Amino acid sequence: MCHLPNLLYRPSYPSHGVQMSDKNIRTSRSLAPTDADSEVVVQGWAQDIRNLGGISFLQLRDRYGIIQITAPKKKTDPQVMDAITSLSRESVVRVTGTAKASDQAKGGVEVLPTHFEVISAAATPLPMGVIDKVNVEADTRYDHRFMDLRKPETRAIFEIKSTVLSLIDEYLVNNGFTEVFTPKLVASGAEGGATLFELRYFDQNAYLAQSPQLYKQMLMSTGLDKVFEIGPAFRAEPSDTTRHVSEFISFDGEMAFIESQRDVQVMIEGCMQSVIGGVIERCKGQLELLGVDVALPKAPYPTLTYESAVEMVNAEGMNIPLGEDLGTEGERLLGNIMARQGSEMYWIVEYPDEAKPFYIMEKEGTPYSYSFDLDYKGQEISSGGQREHRYDNLVSRMEKKGLDPASFNFYLEAFKFGMPAHGGWGLGVERLIQKMLDLPNIREAILFPRDRIRLVP
RNA sequence: GCCCUGGUAGUGUAGCGGCCUAUCAUGAGGCCCUGUCGAGGCUUCGACUCGGGUUCAAAUCCCGACCAGGGCGCCA
């Protein structure tokens with residue numbers, strides 16, 4: 001799969017791309033004082049209309065910003081004047097007019113209209129204001145997300161998300177990975193733990209995949225060696241938090257012929273540095289709009305064992321028994337401790353194998369496993385480890401976890417006829433974005449979030 | 001799923017037994033204004049989530065449903 005370079009925010013490329021008509025179509029970015037006295041066509045949403053009687057102003061918003069349409073009554077066709085002053089906010093219009101340099105207009109240029117076309121009049125009142133001076137609750141914003149996305153700062157998150165995905169792609173392809181797609185409709189995915197969404201599949205029952213785990217592992221027996229996938233994952237967990245949703249984008253990778261899980265960690269770490277560094281470099285405008293100062297995490301990321309992580313939080317007043325999960329509070333406290341030491345990203349390795357799925361390799365002679373979590377500012381964004389590639393051990397681990405190996409034949413078969421040592425990871429893309437941009441809720445990083453109760457829009 | 005808090009005009013809120021014919025802001029409609037950009041001035045419009053109950057009287061108290069926010073839990 002080929003990926004075009006990110007054209008946004010590289011002013012050396014023409015911003016309007018392919019010219020689709022012979023009209024002099026301009027955007028808020030391409031219109032400049034040097035256009036003065038020439039006829040231009042601009043189009044967008046009517047953000048604000050100011051009728052002062054003898055002169056009217058229309059703020060026209062497009063993808064890149066605002067263009068001011070200025071209509072002095074004496075110099076403007078009465079029909080055009082009327083159309084402007086009677087326009088409802090958020091209507092889509094196309095304006096033809098004369099560009100005029102002006103110190104009083106932002107950007108130093110405004111347009112005096114000669115023709116005015118309402119492409120789509122907006123009904124009133126708006127379900128929520130785009131520039132109103134009142135707060136709008138998150139729930140109301142998600143109910144009317146198309147309107148919410150008219151705010152540049154809301155859109156900025158998704159422009160950054162797009163850049164993150166491009167950067168991941170670039171990094172992995174440069175490191176010899178092949179991008180793959182595994183099925184999201186599956187017959188069984190009961191790898192334990194997470195609950196599945198069930199649905200009818202012709203005359204069978206099927207499930208929405210909670211993870212590409214089994215399939216990406218099967219690919220390790222093929223010779224593709226290094227694969228990654230970016231795609232949706234579905235969890236029917238009844239979670240109700242600011243960091244859980246029932247549909248999210250998972251970035252999964254799997255690598256064959258590894259020496260240890262460390263090989264996998266090195267790859268993720270390099271990828272994260274490249275992604276965060278790339279966002280800082282390519283998304284300056286969006287970060288400024290969001291008022292976020294993203295810092296490149298200190299590398300190499302410190303590695304804590306699960307045991308030492310428990311000791312660290314217990315030393316600061318918690319009381320977590322060995323073997324137990326850190327919990328939300330413990331995770332957050334650990335984040336604070338690490339922040340004090342200047343580390344936003346850090347590894348927690350060797351979790352108790354009891355808490356890990358069947359496909360993880362045990363650390364023999366200990367209650368621990370060859371597994372890792374990657375935490376970013378006190379929140380887990382990725383987990384992975386070395387997989388159990390030895391058929392007999394894998395089957396006995398399944399049995400130990402109360403799973404029936406017979407229902408995993410399609411998976412186990414790949415381990416029977418030559419399977420290299422391998423390891424991999426899964427990473428929640430929206431969690432990465434959430435922590436990177438300090439978003440209060442993971443839903444802010446999803447266009448149309450799906451949670452326990454929200455299925456619309 | 002549990003605990004806590006809450007549901008009032010399009011949006012965001014105040015009011016928390018009678019002073020409610022319900023506050024303020026924002027918005028929408030109308031009018032005035034030639035440099036607005038959180039414009040300004042005048043004016044009009046618009047709401048108590050639903051169902052039961054208590055009471056002479058309920059937006060206000062009680063019960064239930066539904067929904068939301070915060071926290072926890074569940075959790076690749």
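Sequence lines set the chain letters: A, B, ... in the order given, protein chains first and strands last, and positions in each chain run from 1. Keep in mind it's a predicted model, so treat the numbers as computed, not measured.
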A/Phe251 and A/Trp425 aromatic centres sub-6.0 Å: yes
Electrostatic pair A/Asp37:A/Lys100 at N-O distance under 4.0 angstrom: no
Mate of B/A28 where both pairing distances stay under 3.5 Å, Watson-Crick or G-U: B/U44
Who pairs with B/G1 - Watson-Crick or G-U, where each distance is under 3.5 Å: B/C72
Test: A/Lys356 cationic atom under 6.0 Å from A/Tyr351 six-membered ring centre, within 45° of axis: yes
Whole-Å P distance, B/C50 and B/C67: 16 Å
For A/Asp325, all residues meeting side-chain contact (heavy atoms from CB on, under 4.5 Å), sequence neighbours excluded: none
Integer-rounded Å distance: B/C75 P and A/Phe197 CZ: 15 Å
Given B/U34, B/U26, B/G29, the nucleotide with the shortest approach to the side chain of A/Ile55: B/U34
B/A76 base / A/Ser250 side chain donor-acceptor hit below 3.5 Å: no
d(CZ, A/Arg89; C1', B/A28) in whole Å: 9 Å
Spacing between A/Asp240 atom CG and B/G69 atom C1', to the nearest angstrom: 10 Å
Residue-phosphate contact under 4.0 Å: A/Thr328 side-chain N/O, B/G73 OP1/OP2: yes
Same-atom distance (C1') from B/C20 to B/A58, integer angstrom: 12 Å
Whole-Å P distance, B/G69 and B/G46: 30 Å
Closest to the A/Thr242 side chain, choosing from B/G70, B/A28, B/A76: B/G70
Inter-nucleotide C1' distance (B/A57, B/C19), Å rounded: 13 Å
Of A/Gly327 and A/Phe248, the one whose closest RNA chain B nucleotide lies more 5': A/Gly327
Under 3.5 Å, side-chain donor or acceptor atoms of residues 443-457 of chain A against the rest of the protein: list the pairs with distances, not counting sequence neighbours.
unit_1, atom_1, unit_2, atom_2, d
A/Arg443, NE, A/Asp451, OD2, 2.8
A/Arg443, NH1, A/Thr241, O, 3.1
A/Arg443, NH1, A/Asn441, OD1, 3.0
A/Arg443, NH2, A/Asp451, OD2, 3.1
A/Glu444, OE1, A/Arg141, NH1, 3.4
A/Glu444, OE1, A/Arg141, NH2, 3.4
A/Glu444, OE2, A/Arg141, NH2, 2.5
A/Glu444, OE2, A/Tyr142, OH, 2.8
A/Arg450, NH1, A/Pro457, O, 2.9
A/Arg450, NH2, A/Leu455, O, 3.1
A/Arg450, NH2, A/Pro457, O, 3.2
A/Asp451, OD1, A/Ile453, N, 3.0
A/Asp451, OD1, A/Arg454, N, 2.7
A/Arg454, NH1, A/Asp143, OD1, 2.9
A/Arg454, NH1, A/Val456, O, 3.0
A/Arg454, NH2, A/Asp139, O, 3.4
A/Arg454, NH2, A/Asp139, OD1, 2.8
A/Arg454, NH2, A/Asp143, OD1, 3.1

Side chain A/Glu237 and base B/G1 donor-acceptor under 3.5 Å: no
Partner nucleotide, any strand, of B/G6 [Watson-Crick/G-U, under 3.5 Å]: B/C67
Donor-acceptor pair under 3.5 Å, A/Gln104 side chain vs B/U36 base: no
Interatomic distance where CD belongs to A/Glu380 and P belongs to B/C74 [whole Å]: 13 Å
